[in-house]
Structure formats: C-alpha cells, structure tokens
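Input: a single structure, listed below in structure tokens.
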Amino acid sequence: METSHADPPPVASKPRDDVESAIERALIDLLNEGADPSGPAGRVELPSVKTLCAKAFVARSTFYAHYHHVGEVLETLERRLVRDLEELNEPLTVRDADGGDAHEAARVTLMPTLDYIRANEDAFHALLVSAPDVRFIERWKDAIKRQCRLRMTDGGEAPRAEGPRRPTVNRELILEIVASSMVSATTFWLHDPSKVHEQGVDGIVNTVFGALDALIVP
C-alpha cells in the first residue's frame, strides 16, 4: 500500500458515529478482500470512494459529509488503533513501582493488548497482512519507542540515575529492534494463530524488557 511517510500534527479524536463505523468497516473488508497474493508483498491500492460507498451502503454525499477522501478514512483508523494500543501498553513505561519487590513490580502483561487485537482482528489483519501499511507500522513502532523511552526515564526528562551504566551509542538501534519485534510478532500471530501459545507471551515479553532494562539504563 502506498502511504505517505509524512506524519501530520495529531488531531483530537472524536467518537465515531454509525456512518463512520460503517465506512471504516467497509474499508477494512475491502482491504482484506482485495489483496492479491501474487502481487508485491500482497499490497493493494485503496478503493475508490464509489466502491467504498457501495460496500458501506452509504451515499457519496454522506461520505463527503464525514471525510474528504478514502485516505482520510485509513488515517483515522491508523490513529485510533495506535492510540488505543498506546493506552493499553501504558504499564510498559514503568520499570519499578514504589516500594515492594522491584522484580515483581517490573512484570507486565500484554493480555489486554492481545484481547484488543483479537477484538479488532480484521483491522490488524488488513493493515499488517492483507495490505501491509508502512505508515501504520511506523506509527505503531514510534509509539512503542516512546513508551520505552519513558521506561528509561521514569517519565521525566532526565535519564534514570540508578542502575548499571551502559554505553548508549546504540540506544536507538535497541529501541528499533524492540519495536520491530513487537510488530513482527503480532503479524506472525495473525498469519497463523495456531503457532502461538498466548499464555506464554507474557513470559517472553518480560524477558525482553528485562534485557532492555539491562541494556539501556544509562
């Protein structure tokens, strides 16, 4: 899917009405239905407004009352998914809790995230498998990196003062590896859920973040 790498300023989200939900649902269905397995990376072009309106059972005038073009529907979907994921993954930003056992406090769970992806499986399948959306993938990776940076600083501007000091020259490379791995793992799961034992995911995630903490604590 051809998407622009330019990331416009964020806009305030608003609740979707029934028409917007129908249009978004239609776009997701068309992306999943239109993938050509023999094409380059299974990518497809965005449908026309006419095709999208027919799929959503809405008039073109109704579409234009809500969106300027089909790309805006896609961008709205991308932003909503990434925003929701970032909210669900907020625990990833906290390395230690106040008091108690630091090791136990550092443990995180991705079960709510997996539940969210499962509840929106068609959307994630469209953007990661049927019609790989580079812009969506980069937005999601950027959100993961932001949360990892918060984990490094405990939400402040200055790096964490405690802990073993490590070289930080490859910090951005480390964050890229972590973010790419999380997105790739989700894509792998969507390709074939039978190959993933979900109850073991948290153990893997905590091992990864334990290694991350050891690598990037300044």
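All values below were derived from every heavy atom in this structure, side-chain atoms included, with hydrogens, water molecules and symmetry-related copies excluded.
In this structure, a donor-acceptor pair under 3.5 Å is present between the side chains of Ser48 and Thr51.
Judged by distance alone, the side chain of Thr62 and the main-chain N or O of Val58 form no donor-acceptor pair under 3.5 Å. Judged purely by atom type and a 3.5 angstrom limit, His68 has no side-chain atom pairing as donor or acceptor with the backbone of Tyr64. Counting only distance, with no hydrogens or angles, the side chain of Glu24 and the backbone of Val73 share no donor-acceptor pair below 3.5 Å.
For the side chain to side chain contact (heavy atoms under 4.5 Å, CB included) criterion with Thr186, the lone passing option out of Leu85, Ile137, Ile117 is Ile117.
In this structure, Val49 and Tyr67 have side chains that are not in contact, with every pair of non-hydrogen atoms separated by 4.5 Å or more. Contact check for Pro47 versus Lys55: no side-chain heavy atoms found under the 4.5 Å cut-off. Looking at heavy atoms from C-beta onward, Leu128 lies in side-chain contact with Phe136 at the 4.5 angstrom threshold. No side-chain heavy atom of Ile144 sits less than 4.5 Å from a side-chain heavy atom of Asn89. Residues Ile28 and Arg25 are in side-chain contact: their nearest non-hydrogen atoms beyond the backbone lie under 4.5 Å apart. Using a 4.5 Å heavy-atom cutoff, the side chains of Asn32 and Val129 are not in contact.
Electrostatic pairing of Arg118 and Glu198 counts as a salt bridge here, judged by a charged N lying under 4.0 Å from a carboxylate O.
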